[in-house]
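A quick write-up on the structure given underneath.
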2 protein chains.
Amino acid sequence: MTNRPPRPRGRGIPDATVARLPVYLRALQALQDRETPTVSSEALAAAAGVNSAKLRKDLSHLGSYGTRGVGYEVEYLVYQISRELGLTQDWSVAIAGIGNLGRALADYGGFGSRGFRIAALLDADPAVVGRTVAAVEVGHIDRLEEIVRSAGVSIGVIATPAASAQDVALRFVEAGVTSILNFAPVVLSVPEGVDVRKVDLSIELQILAFHAQRRADGDGRRPVGGTGLEPV
Amino acid sequence: MTNRPPRPRGRGIPDATVARLPVYLRALQALQDRETPTVSSEALAAAAGVNSAKLRKDLSHLGSYGTRGVGYEVEYLVYQISRELGLTQDWSVAIAGIGNLGRALADYGGFGSRGFRIAALLDADPAVVGRTVAAVEVGHIDRLEEIVRSAGVSIGVIATPAASAQDVALRFVEAGVTSILNFAPVVLSVPEGVDVRKVDLSIELQILAFHAQRRADGDGRRPVGGTGLEPV
DNA sequence: CCCACTTTGTGCGTGCTTTCACAAGCGCGT
DNA sequence: ACGCGCTTGTGAAAGCACGCACAAAGTGGG
C-alpha cells in the first residue's frame with residue numbers, strides 16, 4: 001500500500017472531527033473483520049451513529065479517499081485514519097493508581113486498538129507494588145519520574161484518588177509526559193503545552209439525570225421569566 | 001385551533017452549559033467544605049478551569065442568583081445547581097457487568113455526589129453472581145428485567161464486554177430504563193427517547209495520540225497566533 | 001448623600017459545527 | 001460510446017458557542 005500524503009491543505013482538522021475519527025475507525029475495523037471491501041458514507045455513518053453528510057465532511061479533511069458512485073475502500077480508509085490519528089506508531093502508556101479502575105484499564109484487552117502499549121504501572125500502596133498486572137510489574141509511585149523516563153512514556157493515565165491526582169499530574173509533566181488522561185474527579189492544572197483530557201463518571205451521571213428530569217417534568221413547566229425567587 | 005405555543009423552551013439550557021454545571025457544582029462543594037460563604041465568578045471560574053464570562057453566562061441560564069459587587073452565595077448556588085441537575089431527588093442506578101470496571105464504578109464512594117444510589121448489580125458469570133459488592137448482591141443478568149423493574153432503576157450503566165453491550169442496552173430499555181451510560185466500546189442503537197452517553201477509553205487515547213503526534217510533527221510548534229508560515 | 005470600587009448579567013462580533021442540497025465524478029449495462 | 005443511477009465532495013446557510021467589553025447594580029468609606 002504505497003501512498004503519499006496528499007497534503008490536505010493547511011493541516012487543520014477540526015477538533016470535532018478528530019473526536020469522531022476513532023469511532024469511524026472502529027466501525028471500519030468491524031467491517032474489515034467481515035471482509036467488506038467497500039462502504040458508502042451512508043452505511044458507515046449509520047454504523048457510527050452520525051449524519052452521513054457530517055461523515056463525508058469529516059473524511060474530506062483527510063483528503064479525497066472515496067470513489068464517487070462506489071464509496072470508500074475499507075482497508076485504505078482504515079490505514080489513512082490510523083495514520084492521521086498517529087496509530088501507526090507506538091505510544092507508551094503509564095497508569096498511575098492500580099485500584100479497581102487502574103486494573104480495569106490495564107486489563108483492557110488490546111488496549112483499544114493497537115498502537116498503545118502499557119509501559120508502566122504505578123501505585124503507592126505497598127500491598128500492590130511489586131505485583132504483576134496485565135504482565136507488567138507495578139512500580140512504586142515514588143519512582144515515577146525514573147520509571148516514566150526510562151520507559152519512554154508519552155501518555156500518562158491518572159486513576160488515583162482525587163487527592164493525589166494533581167500531584168501525580170505534575171510529576172508526569174516533570175518526567176516529560178505531555179498527554180494526560182485523567183479519571184480522577186478534579187480539575188487538573190498543568191503548564192501550557194500539556195494536553196489533558198478527562199473522563200468523569202459523576203459528571204456523566206449528572207448530565208443523564210438532568211435530561212431524565214427534563215423528560216419527567218413533561219409539560220408541567222413554569223415560566224422562567226416570572227418570579228424565580230423561591231426561598232430554600 | 002388554539003394558538004401554537006411560542007415554543008416549549010421554558011428554560012432551554014444549552015447542552016454545553018449542562019455539561020459544565022457538574023464541574024461548577026463540585027468546585028462549589030469544595031468551597032462549602034472550607035466554609036467559604038461567597039465566591040466571585042472570577043474565583044469560581046478559576047477553580048472550574050473556565051473563562052469567567054462563560055461561567056457567568058452559564059449561571060445566568062439558571063436565573064439571577066448572584067449579587068453585583070459581591071458574587072454568588074455558595075450555599076444557595078449549590079442548591080440551585082443541584083436542583084437544576086435533578087440531584088435533589090434520588091436516582092436508582094443499575095450496573096451491568098461486574099468485572100474490574102464494574103467493581104470500580106460500584107465502589108466509587110458517594111457515587112459522585114449524593115443523589116445516585118446503586119440499586120442493582122448484574123453479571124452473567126456464575127462466579128460473580130451472588131457475591132456482594134459495595135453492599136449490594138450481584139444478581140444474574142438473566143433476571144435483568146425483573147430486578148431492574150422491582151428496584152425502580154432509572155439509569156443503567158453498561159460495563160460489560162463489547163459483545164454483550166447492545167443486548168444489555170435493549171433489555172434495559174425493555175425494563176423501562178431511559179438513561180444509559182455506556183462504557184463498552186460500541187455504538188449502541190436504542191429507540192427514540194432513550195438517552196445514551198458513552199465513556200470510551202480508547203477514543204480518548206486516540207485523541208491524545210493525535211494531538212501528541214501533531215505536536216511532534218510540527219517540531220516548530222506555533223502558538224495560536226501563527227508564525228506567518230500559513231497562507232492566508 | 002455621594003463617590004469610588006467591585007462584580008454581575010448580557011449585547012454583540014467572531015469563529016466553529018452541523019446540515020442541506022446539488023454539481024461533479026465514477027461504474028455499469030446496453 | 002453513451003447515458004443512467006449512484007455516491008462523493010463541498011458551497012452556502014443556519015445554529016451554537018465563546019469571550020470581550022461594558023452598562024447596571026450593589027457595597028463601603030467619608
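Being a predicted model, the structure only gives us computed values, none of them experimental. Letters go in sequence order (proteins before strands), and every chain restarts at 1.
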Close aromatic pair by centroid cut-off 6.0 Å: Tyr72(A) and Tyr65(A) | no

Distance from Leu21(A) atom CG to Ile207(B) atom CD1, nearest 0.5 Å?
-> 9.0 Å

Rounding to 0.5 Å, atoms CG (Leu105(B)) and OG (Ser202(A)) come to a distance of 11.5 Å

Could you give the [atom1]-to-[atom2] distance, from [X] to [N], as a whole number of Å?
X        : N       : atom1 : atom2 : answer
Leu59(A) : dT7(D)  : CG    : C1'   : 13 Å
Asp15(B) : dG15(D) : CG    : P     : 16 Å
Tyr65(A) : dT10(D) : OH    : C1'   : 17 Å
Leu62(A) : dT10(D) : CG    : P     : 12 Å
Asp58(B) : dT10(C) : CG    : P     : 13 Å
His61(A) : dT10(D) : NE2   : C1'   : 10 Å

Candidates His211(A), Gln213(A), Arg215(A) - the one meeting side chain to side chain donor-acceptor pair (under 3.5 Å) with Ser179(B) | Arg215(A)

Nearest of dG19(D), dT8(D), dT8(C) to any side-chain atom of Tyr72(A)?
-> dT8(D)

Return the nearest nucleotide to the side chain of Arg20(B); candidates are dT19(C), dG9(D), dC18(D).
-> dC18(D)

Contact check, residues 36-48 of chain A vs DNA chain D, heavy-atom distance under 4.0 Å, returns Ser40(A), Ser41(A)

Under 3.5 Å between N/O atoms: give me all the protein pairs with nucleotides 20-24 of chain C, atom names plus distance.
residue	atom	partner	partner atom	Å
dA21(C)	N6	Arg56(A)	NH2	3.4
dA24(C)	N3	Arg68(A)	NH1	2.7

Residue list, side-chain contact (heavy atoms from CB on, under 4.5 Å) with [X], at least two apart or on another chain:
X        : result
Ala94(B) : Ala120(B), Val148(B), Val153(B), Phe172(B)
Gln32(A) : Gln29(A), Val74(A), Glu75(A), Val78(A)
Ala45(B) : Val50(B), Ser52(B), Leu55(B)

Which residue pairs pass the salt bridge (charged side-chain N to carboxylate O under 4.0 Å, His left out) test with at least one member in [range], sequence neighbours excluded?
range                       : value
residues 156-175 of chain B : Glu145(B)-Arg171(B)
residues 32-52 of chain B   : none
residues 184-198 of chain B : Glu204(A)-Arg197(B)

Rounded to 10°, the angle between the first-five-pair and last-five-pair axes of the helix from dC1(C)-dG30(D) to dT30(C)-dA1(D) is 0°

Check: residues 155-164 of chain B side-chain donor-acceptor pairs under 3.5 Å, at least two apart:
none

Listed in order of residue number, which residues of residues 186-200 of chain B have a non-hydrogen atom at under 4.0 Å from DNA chain C?
-> none

With a 3.5 Å cut-off and no angle check, do the side chains of Ser41(B) and Arg56(B) form a donor-acceptor pair?
-> yes

Report yes or no: do Arg83(B) and Thr88(B) form a side-chain donor-acceptor pair below 3.5 Å?
-> no

Residues at least two apart in sequence or cross-chain that pass side chain to side chain donor-acceptor pair (under 3.5 Å) with Asp58(B), listed by chain then number, are Thr17(B), Arg20(B), Tyr24(B)

Give a yes/no answer on whether the side chain of Thr67(A) brings an N or O atom under 4.0 Å of OP1 or OP2 in dT8(D).
-> no

DNA chain C: 5'-proximal contact among Thr17(A) and Val70(A) (nearest heavy atom) = Thr17(A)

